[in-house]
J.: 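Okay, here's the structure, questions in a sec.
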Amino acid sequence: MAGITKREKNIISVENNKLYKFSRDLILKSRKLVYRTANFAMVETYWRIGEKIIEEQGGKDYAKYGENLLKSISKRLQAEFGQGFTYVNLTNMRKFYQTFKDSSQLRRELNWTHYRSLIRVESEEARAVYMNEAADSGWNTRFLDEQVDKHYYERLISTHKKEVVKKLKKKEKAQLNITPQDYILKDPMLLDFYNLDELPKYNENDVEQIIIDNLQKFMLELGKGFSFVARQQRIPTELSNYYVDLVFYNYHLKCFVLIDLKIGRLTHQDVGQMDMYVRMYDEMKRIEGDNPTIGIILCEEKDRTEVKFSVLKDSEKLFATKYRLYIPTEEELKKEIAHIRNLMITDNGTETE
């Protein structure tokens with residue numbers, strides 16, 4: 001580069017970096033697109049094979065004819081294409097087609113391992129929610145399996161009205177006026193990161209500490225768009241100092257989210273305290289462009305009467321949700337859902353769905 005001035009060298013260096021970054025980003029995006037396209041092409045292939053298996057088996061006795069047919073085909077396909085075409089995988093393809101009869105409903109963001117997990121979810125409504133949440137939030141298969149095991153869908157049902165969950169089955173949430181509150185709050189929330197429930201005694205500081213020690217898992221349990229801000233954040237007044245257990249910011253809601261941890265049953269004092277925290281935070285911390293602060297009280301138990309006759313009932317900024325230190329059983333969740341529906345009938349005279 002003889003004869004080039006220092007200024008010209010700097011310009012060339014800057015342009016070099018810009019071109020390199022542009023080219024690198026484009027290559028990575030293209031590779032990702034090719035990878036995703038190839039993955040979905042394989043998913044569509046497996047769906048078509050499943051369709052053909054059903055078609056070939058027709059009205060024949062599957063127990064006698066179907067098993068022998070698939071085992072024979074499996075041997076021939078494995079010899080040519082490898083272990084992806086085992087007898088078990090062919091039966092999965094068959095079930096895949098039976099589960100997703102309309103291939104246009106499949107999400108291109110998901111791969112075959114996602115769909116192998118989804119076909120094991122019996123409820124069509126639950127399966128649609130899991131599929132769309134996995135696609136929209138970029139869940140890997142391991143995390144998808146964890147959410148199924150933790151009854152993510154059942155906890156959504158126990159928290160929200162049925163029409164909200166129905167909307168979550170569909171692909172385009174933005175067109176359905178679904179607010180982030182409709183899918184970030186779950187009741188109960190799971191704090192199953194550590195066997196705290198096995199200790200003879202624990203306090204709010206212990207619960208707070210396990211959350212901090214497992215912050216990433218807790219934020220995944222909270223939902224989408226959360227960023228950690230502070231622990232025990234001080235809010236000073238003229239005469240006193242108040243401390244908020246946990247503070248987050250949610251980029252979908254565009255607001256701060258305050259969390260107060262409570263051992264035992266929710267009381268009206270707890271509700272009043274959180275109401276004060278939210279008002280103070282709005283006054284002292286909220287900046288232009290932020291939506292009103294939201295407060296969530298995490299408690300072990302909540303009394304229906306306390307909720308009904310407190311500011312929680314009609315507030316769009318205050319929520320109380322129970323937490324569990326272990327994964328509830330399906331039977332426990334069914335009882336909880338039935339209990340909530342009975343309360344709806346009691347309050348309104350007819351069931352609210």
Side-chain angles (χ1 to χ4, degrees), residues 36 39 43 88-89 92 95-96 99-100 106-160 164-165 168-169 171 173 178 180-198 207-228 246 248 250 252 257 259 261 296 298 300 321-337:
R36 181 178 290 181
N39 263 331
V43 168
V88 171
N89 238 359
N92 282 333
K95 189 173 181 181
F96 181 41
T99 304
F100 294 93
L106 300 175
R107 296 296 299 267
R108 302 184 70 88
E109 302 92 331
L110 305 182
N111 59 36
W112 175 237
T113 55
H114 285 102
Y115 286 109
R116 278 195 314 189
S117 295
L118 288 168
I119 62 177
R120 288 165 175 76
V121 178
E122 292 185 7
S123 164
E124 180 183 353
E125 195 170 74
R127 189 166 55 247
V129 170
Y130 285 125
M131 178 176 69
N132 289 320
E133 287 294 280
D136 294 338
S137 302
W139 290 357
N140 60 31
T141 308
R142 181 177 178 181
F143 189 71
L144 170 61
D145 288 337
E146 285 179 1
Q147 296 312 300
V148 174
D149 292 341
K150 291 181 177 181
H151 308 293
Y152 172 91
Y153 169 77
E154 287 80 2
R155 287 186 289 131
L156 276 178
I157 283 283
S158 69
T159 309
H160 300 295
V164 170
V165 180
L168 287 171
K169 287 172 57 182
K171 294 181 183 178
K173 297 191 187 84
I178 296 266
Q181 291 101 315
D182 290 331
Y183 58 92
I184 66 170
L185 292 172
K186 296 179 281 293
D187 192 0
M189 290 184 63
L190 291 180
L191 309 185
D192 60 328
F193 322 126
Y194 181 72
N195 295 327
L196 201 59
D197 57 314
E198 295 180 3
V207 177
E208 183 180 317
Q209 188 60 53
I210 68 162
I211 288 175
I212 294 299
D213 292 343
N214 299 272
L215 193 57
Q216 183 181 19
K217 290 182 178 179
F218 180 69
M219 288 167 67
L220 287 171
E221 176 66 11
L222 275 177
K224 302 173 186 175
F226 278 92
S227 175
F228 179 66
L246 299 167
F248 295 86
N250 187 282
H252 294 300
V257 179
I259 294 182
L261 301 168
I296 300 174
L298 274 182
E300 287 184 298
T321 183
K322 293 191 294 186
Y323 64 83
R324 288 282 187 91
L325 300 174
Y326 62 93
I327 300 175
T329 65
E330 190 169 347
E331 191 59 35
E332 286 174 322
L333 279 166
K334 284 180 180 177
K335 287 180 180 178
E336 181 118 13
I337 293 168

J.: Provide the closest heavy-atom pair for Met219 versus Ser227 in the form atom of the first, atom of the second, distance.
T.: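 Distance-wise, the nearest heavy atoms are CE-CA, 3.8 Å.
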
J.: Enter the distance from Thr99:OG1 to Glu122:CD here, rounded to the nearest 0.5 Å.
T.: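 One gets 10.5 Å once the value is rounded to the nearest 0.5 Å.
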
J.: So which heavy atom on Arg116 is nearest to which on Asn92, and how close?
T.: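 The pair with the smallest heavy-atom distance is CD-ND2, 3.9 Å.
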
J.: Stepwise, does the side chain to side chain contact (heavy atoms under 4.5 Å, CB included) test hold for Leu110 with Leu144?
T.: CA-CA 11 Å; Leu110 305 182; Leu144 170 61; over 6 Å; no

J.: Could you check if a side-chain atom of Ile211 sits within less than 4.5 angstrom of a side-chain atom of Phe228, using non-hydrogen atoms only?
T.: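 A side-chain contact under 4.5 Å is absent here.
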
J.: Holding to side-chain hydrogen bond (donor to acceptor under 3.5 Å, both in side chains), I want the full list of residues that pass it with Thr113, two or more places apart in sequence or in another chain.
T.: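 Expected list: Asn111, Thr141.
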
J.: As an exercise, state the distance from NZ of Lys217 to CG of Leu222, rounded to the nearest 0.5 Å.
T.: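 Nearest 0.5 Å value for the NZ-CG distance: 15.0 Å.
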
J.: Of the non-hydrogen atoms in Asp145 and Ser117, which two are nearest, and what is the gap between them?
T.: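 Distance-wise, the nearest heavy atoms are OD1-OG, 2.8 Å.
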
J.: Between atom CD of Glu109 and atom CG of Asp136, what is the distance when rounded to the nearest 0.5 Å?
T.: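 Here the rounded value is 7.0 Å.
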
J.: Check each of Ile296, Ile212, Val257 against Leu246 using the side chain to side chain contact (heavy atoms under 4.5 Å, CB included) test, and report the only one that passes.
T.: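 Only one option passes, and that is Ile212.
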
J.: Taking only residues two or more places apart in sequence or in another chain, which ones pass ring-ring contact (aromatic ring centres under 6.0 Å, His included) with Tyr115?
T.: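 In terms of ring-ring contact (aromatic ring centres under 6.0 Å, His included), with neighbours along the sequence ignored, Tyr115 is linked to Phe96, Phe100.
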
J.: Answer yes if the side chains of Glu125 and Tyr153 hold a donor-acceptor pair under 3.5 Å, and no otherwise.
T.: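 Present: a donor and an acceptor within the cut-off.
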
J.: Working to the nearest 0.5 Å, report the span between NE2 of His114 and CZ of Phe143.
T.: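 His114 NE2 to Phe143 CZ: 11.0 Å, rounded to 0.5 Å.
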
J.: Let me see the working for Leu215 and Phe248 under side chain to side chain contact (heavy atoms under 4.5 Å, CB included), right down to the final yes or no.
T.: CA-CA 11 Å; Leu215 193 57; Phe248 295 86; 4.1 Å; yes

J.: Compare every heavy atom of Asn132 with every heavy atom of Arg107, then report the nearest pair and how far apart it is.
T.: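 Looking at all heavy atoms of both residues, the closest pair is NH1-OD1, 2.8 Å.
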
J.: Between Trp139 and Tyr130, how do the two ring planes meet: parallel, tilted or perpendicular, split at 30° and 60°?
T.: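 The arrangement is tilted - the two ring planes meet at 30° to 60°.
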
